[in-house]
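Below: one structure, written as structure tokens.
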Amino acid sequence: MLKFLQRSLLIFAMAISSAFAAYVPYKQVDFDQLLKQDKPVVLHVFASWCPVCRAQKDVLEKLMLIPEFKNLPVLQADFDTENALLKKYKVHNQSTFIVFKNGKEVTRSTGQTDKDAIADLLRKSL
């Protein structure tokens with residue numbers, strides 16, 4: 001019964017996140033599900049101690065209010081703890097965006113804080 005409830009909550013969360021953009025913590029299961037469904041997704045490699053990451057997050061949250069990006073999920077992966085993910089995608093620095101479209105990486109950027117440049121980056125997933 002507990003597994004059924006957990007699965008139901010996950011499905012509900014995925015349905016909700018497909019209705020509008022969500023800047024949410026990275027979870028492998030969610031990320032894998034989005035990639036399998038060929039959904040666009042942005043991975044933001046974030047460190048709480050990084051001022052550039054915090055600036056990027058502020059920009060992302062503002063961009064996600066724009067209708068163009070309202071259905072784009074953005075997952076925040078912790079640079080200090082998600083070692084397997086970082087190794088798999090060869091991420092060497094925090095403040096990195098990796099953009100996926102149709103289950104494949106299409107572009108990435110590190111250290112970018114300009115709103116227009118980040119918007120252009122997000123558009124590559126759509």
Side-chain angles (χ1 to χ4, degrees):
M1 181 68 169
L2 182 58
K3 286 192 181 236
F4 172 77
L5 288 174
Q6 288 173 329
R7 184 169 299 277
S8 296
L9 286 173
L10 175 62
I11 291 168
F12 177 73
M14 297 296 286
I16 293 294
S17 71
S18 68
F20 56 89
Y23 186 83
V24 297
Y26 166 84
K27 290 187 179 118
Q28 183 71 49
V29 67
D30 296 340
F31 181 63
D32 290 345
Q33 188 72 14
L34 289 166
L35 293 180
K36 282 181 193 173
Q37 295 175 356
D38 291 335
K39 301 275 186 184
V41 62
V42 175
L43 192 62
H44 182 209
V45 180
F46 182 91
S48 60
W49 46 265
C50 171
V52 173
C53 299
R54 290 191 300 271
Q56 289 174 326
K57 183 176 180 180
D58 290 343
V59 170
L60 279 172
E61 288 175 343
K62 288 176 184 147
L63 287 171
M64 291 168 57
L65 298 173
I66 299 171
E68 179 180 12
F69 303 118
K70 73 176 191 164
N71 294 321
L72 181 61
V74 179
L75 304 180
Q76 178 182 299
D78 190 321
F79 180 76
D80 295 318
T81 61
E82 295 296 342
N83 297 325
L85 176 73
L86 301 179
K87 184 177 181 180
K88 179 176 181 177
Y89 289 102
K90 298 179 178 139
V91 176
H92 303 290
N93 299 93
Q94 74 283 356
S95 73
T96 297
F97 293 111
I98 306 176
V99 178
F100 295 86
K101 182 176 182 175
N102 298 323
K104 307 276 189 240
E105 180 179 340
V106 292
T107 192
R108 68 172 60 199
S109 174
T110 300
Q112 183 58 257
T113 59
D114 179 75
K115 182 180 177 184
D116 293 333
I118 293 173
D120 288 341
L121 186 75
L122 299 180
R123 282 186 192 99
K124 292 181 180 172
S125 72
L126 303 177

Requested in this report: Assess whether side chain to side chain contact (heavy atoms under 4.5 Å, CB included) is satisfied between Gln112 and Leu121, documenting all intermediate values.
Outcome: CA-CA 10 Å; Gln112 183 58 257; Leu121 186 75; over 6 Å; no
Requested in this report: Decide yes or no on side chain to side chain contact (heavy atoms under 4.5 Å, CB included) for Thr113 and Val52, but give the supporting numbers first.
Outcome: CA-CA 7 Å; Thr113 59; Val52 173; 3.7 Å; yes
Query - Criterion side chain to side chain contact (heavy atoms under 4.5 Å, CB included) on Val24 and Val74, from CA distance to verdict - result: CA-CA 6 Å; Val24 297; Val74 179; over 6 Å; no
Report task. Test side chain to side chain contact (heavy atoms under 4.5 Å, CB included) on Phe100 and Lys39 and set out the steps. Result -> CA-CA 8 Å; Phe100 295 86; Lys39 301 275 186 184; over 6 Å; no
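Summarising the geometry of Leu63 relative to Ala119, their closest heavy-atom pair is CD1-N, 3.8 Å, with the distance given to 0.1 Å. Across all their heavy atoms, Gln94 and Thr110 have their closest contact at O-CG2, 3.8 Å. A pairwise comparison of heavy atoms in Ala77 and Leu43 identifies CB-CD1, 4.0 Å as the closest pair. Between Pro40 and Ser125, the closest heavy-atom pair is CB-O, 3.2 Å.
The distance from the CG atom of Leu65 to the CG atom of Leu60 is 11.0 Å, given to the nearest 0.5 Å. We find the NZ-CE distance between Lys57 and Met64 to be 10.0 Å, quoted to the nearest 0.5 Å. Atom CD of residue Gln28 and atom CD of residue Glu82 lie 7.5 Å apart, to the nearest 0.5 angstrom. Between the OG1 atom of Thr107 and the CZ atom of Phe97 there is a distance of 11.5 Å, given to the nearest 0.5 Å. One finds the NZ atom of Lys101 at 11.0 Å from the CG atom of Asp38 (value rounded to the nearest 0.5 Å).
Here the options are Asn71, Leu72, Ile66, the test is side-chain contact (heavy atoms from CB on, under 4.5 Å), and the partner is Glu68; only Ile66 passes. Residue Tyr26 forms a ring pair (Phe, Tyr, Trp, His ring centres under 6.0 Å) with just one option from Phe31, Phe46, Tyr89, Phe79, and that option is Phe31. Just one residue in the list Val91, Thr96, Asp78 forms a side-chain contact (heavy atoms from CB on, under 4.5 Å) with Leu86, and that residue is Val91.
Judged by distance alone, with hydrogens and angles left aside, the side-chain atoms of Asn102 form no donor-acceptor pair with the main-chain N or O of Lys104 at under 3.5 Å. The backbone N or O of Ser95 sits less than 3.5 Å from a side-chain atom of Gln56, completing a donor-acceptor pair.
Val45 and Trp49 fall within the same hydrophobic cluster, where Ile, Leu, Val, Met, Phe, Trp and Tyr residues are linked whenever their side-chain heavy atoms come under 4.5 Å apart, directly or through other members.
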